[in-house]
Asks: 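Quick one: the structure is below, and I'll ask about it shortly.
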Amino acid sequence: MSVTWSNADTLSSWKKLMSLKGVSVKEALTAKDAAKRVAKYSVPMAAGLTYNYAAKQVNDSVLAELKNLAEEAQLVAKYKELYNGAVINTGEKRMVLHQLTRGQLGKDVMADGVNKREFYVKEQERIAAFAKKVHSGKIVNENGEKFTTVCQIGIGGSDLGPRAMYLALENWAKKNKTFKMEARFISNVDPDDAASVMKSIDMAHTIFILVSKSGTTLETLTNENFVKAFLKKAKLDPSKHMIAVTSETSPLAHNPDYLEAFYMDDYIGGRYSSTSGVGGAVLSLAFGPKVFADFLEGAAEEDKLAANKNLLKNPAMLDALIGVFERNMQGYPATAILPYSQALSRFPAHLQQLDMESNGKSVNRFGEPVNYSTGPVIFGEPGTNGQHSFYQLLHQGTDVTPLQFIAFSENQTGDDVVIENSTSQVKLCANVTAQIVAFACGKTDENPNKAFAGERPSSLIYGQQLNPKSLGALLAHYENKVMFQGFVWNVNSFDQEGVQLGKKLAMTVLGGKMEGALKAYANLLIK
């Protein structure tokens with residue numbers, strides 16, 4: 001059966017879902033058999049993780065119709081098309097191959113005259129070899145001294161994902177004695193960002209990674225020259241301190257200004273590039289190639305689960321379709337990502353780009369307007385910090401916001417103390433448990449100011465510990481969730497024209513050829 005691309009509202013299962021209402025999660029979780037629901041509405045993920053959706057406003061009837069939607073929208077078949085090299089990115093007429101950076105699910109994919117899986121493996125091997133030479137002291141600075149710090153220069157997907165992954169594994173690597181080098185990141189074109197980093201590091205012992213697929217990204221090249229100015233002022237040779245991650249056709253490739261260049265291609269979107277050289281170079285230098293390989297393994301395991309046609313055994317597709325039900329049938333405009341792990345402090349920021357840049361579309365794959373809502377607003381912060389910040393609105397505000405909790409039974413460092421008969425980790429997990437039930441069940445009170453309506457749906461992704469494999473699985477879960485939702489909404493989740501207009505107008509301002517409002521606002525700011 002051939003794959004067809006249709007708007008969601010033309011599907012019969014979509015129309016049936018529009019007539020269904022969400023069930024009362026308050027009633028479900030206060031019923032005598034609530035424990036059975038918690039056990040039943042649970043799906044194993046890769047690397048020891050589990051996706052639990054017992055606190056979502058769904059029942060077997062809703063799930064049955066979501067299963068019909070998955071089949072009618074041909075979600076698994078479209079995923080198969082993607083990993084077998086079909087031109088899924090219709091806006092840029094490109095294949096979408098980020099899953100191929102961590103494993104092979106289907107047939108060989110050939111492009112540009114090469115086997116793309118072999119190309120990605122070769123680049124990973126080159127990065128691993130380079131990292132080992134840096135760690136062993138075979139590659140050193142101009143004074144023959146070892147590098148102790150790595151600093152990535154990039155923006156958007158060249159920063160958010162790799163930075164989030166580094167922070168997620170930093171404490172784990174130190175505890176498990178795989179920590180090799182501290183990593184720092186420069187992204188914002190605001191000079192205070194680069195200056196702050198440069199003044200805080202030992203430049204003589206720092207290796208910089210310039211990440212730009214095209215080699216022409218304005219913010220990144222501006223920061224590159226900013227960094228080079230600092231190095232030259234310190235009488236250091238920038239060419240002895242910089243490597244590039246770029247495409248083979250960019251001006252950064254085969255360039256004597258860099259110690260080495262590692263390659264990616266146009267089939268890897270920036271926000272999907274953490275498992276390519278964009279994340280591979282900095283993570284391999286910081287933690288060693290084995291840690292990066294384990295990260296890829298966890299992602300590959302989760303990718304395999306996403307190919308399962310059984311909705312109730314496919315956690316990413318199930319999460320995606322429950323999200324569609326919440327967005328389109330229940331009308332919820334946002335989703336909060338709430339990791340109860342300080343290591344995941346920047347993970348919500350990465351998911352914000354991943355989701356909103358992918359599915360923030362109002363036209364379908366063919367450029368035609370859609371008549372339904374697409375991607376939700378994504379936001380979040382680590383718990384328990386968020387509890388003392390924006391949870392007030394989530395609990396008692398006028399809008400209902402679905403929640404996705406992420407939690408682990410063990411911390412990464414092993415450091416903890418017993419205070420008032422429980423450890424800090426136990427207190428953290430107690431807070432997750434309490435919040436799920438509080439959001440779902442609420443509280444009655446004679447004082448309306450102290451009453452909680454409840455009926456705030458949530459899911460929970462949990463595991464024993466955040467480590468390289470479980471982090472890879474977690475990342476792939478969300479990437480595949482976003483992909484499946486884009487398939488349902490019939491949008492192209494793999495281009496980002498919405499970021500281009502502002503860039504072009506900024507170049508107009510810098511060129512000085514302005515008129516009207518552009519000139520008026522520029523005159524307010526540019527002195």
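Everything quoted here is computed from the prediction, not taken from an experiment.
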Asks: For W14 and N7, which I'm curious about, is there any donor-acceptor pair between the side chains at under 3.5 Å?
Replies: no
Asks: Should K67 and E71 count as an ion pair when the cut-off is N to O under 4.0 Å?
Replies: yes
Asks: Looking at D495 and K361, does any basic side-chain N land under 4.0 Å from a carboxylate oxygen?
Replies: yes
Asks: Here's a test for you: under ring pair (Phe, Tyr, Trp, His ring centres under 6.0 Å), which of Y83, Y267, Y272 qualifies with H98?
Replies: Y272
Asks: I'd like to know if the side chain of N467 and the backbone of S470 have a donor-acceptor N/O pair within less than 3.5 Å.
Replies: yes
Asks: With a 3.5 Å cut-off and no angle check, do the side chains of T178 and N176 form a donor-acceptor pair?
Replies: no
Asks: Determine yes or no for a side-chain-to-main-chain donor-acceptor pair under 3.5 angstrom, with K313 supplying the side chain and V43 the backbone.
Replies: no
Asks: Is it true that the NZ or CZ of K481 lies under 6.0 Å from the centre of Y478's six-membered ring and within 45 degrees of the ring axis?
Replies: no
Asks: Between S493 and N359, is there a side-chain donor-acceptor contact under 3.5 Å, judged purely by atom types and distance?
Replies: yes
Asks: Side chains of Q496 and R271: donor-acceptor distance under 3.5 Å anywhere?
Replies: yes
Asks: Tell me if the centroids of the rings in W5 and F487 come within less than 6.0 Å of each other.
Replies: yes
Asks: Can you tell which of E302, E301, E297 makes a side chain to side chain donor-acceptor pair (under 3.5 Å) with K469?
Replies: E297
Asks: Tell me whether the centres of the aromatic rings in F287 and Y166 are closer together than 6.0 Å.
Replies: yes
Asks: Which distance, rounded to the nearest 0.5 Å, do you find between the CZ of F208 and the CD1 of I201?
Replies: 4.0 Å
Asks: If the threshold is 4.0 Å, N to carboxylate O, is there a salt bridge linking R126 and E260?
Replies: yes
Asks: Return yes if a side-chain donor-acceptor contact under 3.5 Å exists between T101 and T275, otherwise no.
Replies: yes
Asks: Is there a donor-acceptor contact under 3.5 Å from the side chain of Q352 to the main chain of I378?
Replies: yes
Asks: So, taking the atom named OG in S212 and the one named CD1 in I153, what distance separates them when rounded to the nearest 0.5 Å?
Replies: 11.0 Å
Asks: Kindly assign one of parallel, tilted or perpendicular to the pair F130 and F262, based on the angle between their ring planes and the thresholds 30° and 60°.
Replies: perpendicular
Asks: Just by distance, with hydrogens left out, do Q342 and N411 show a side-chain donor and acceptor under 3.5 Å apart?
Replies: no
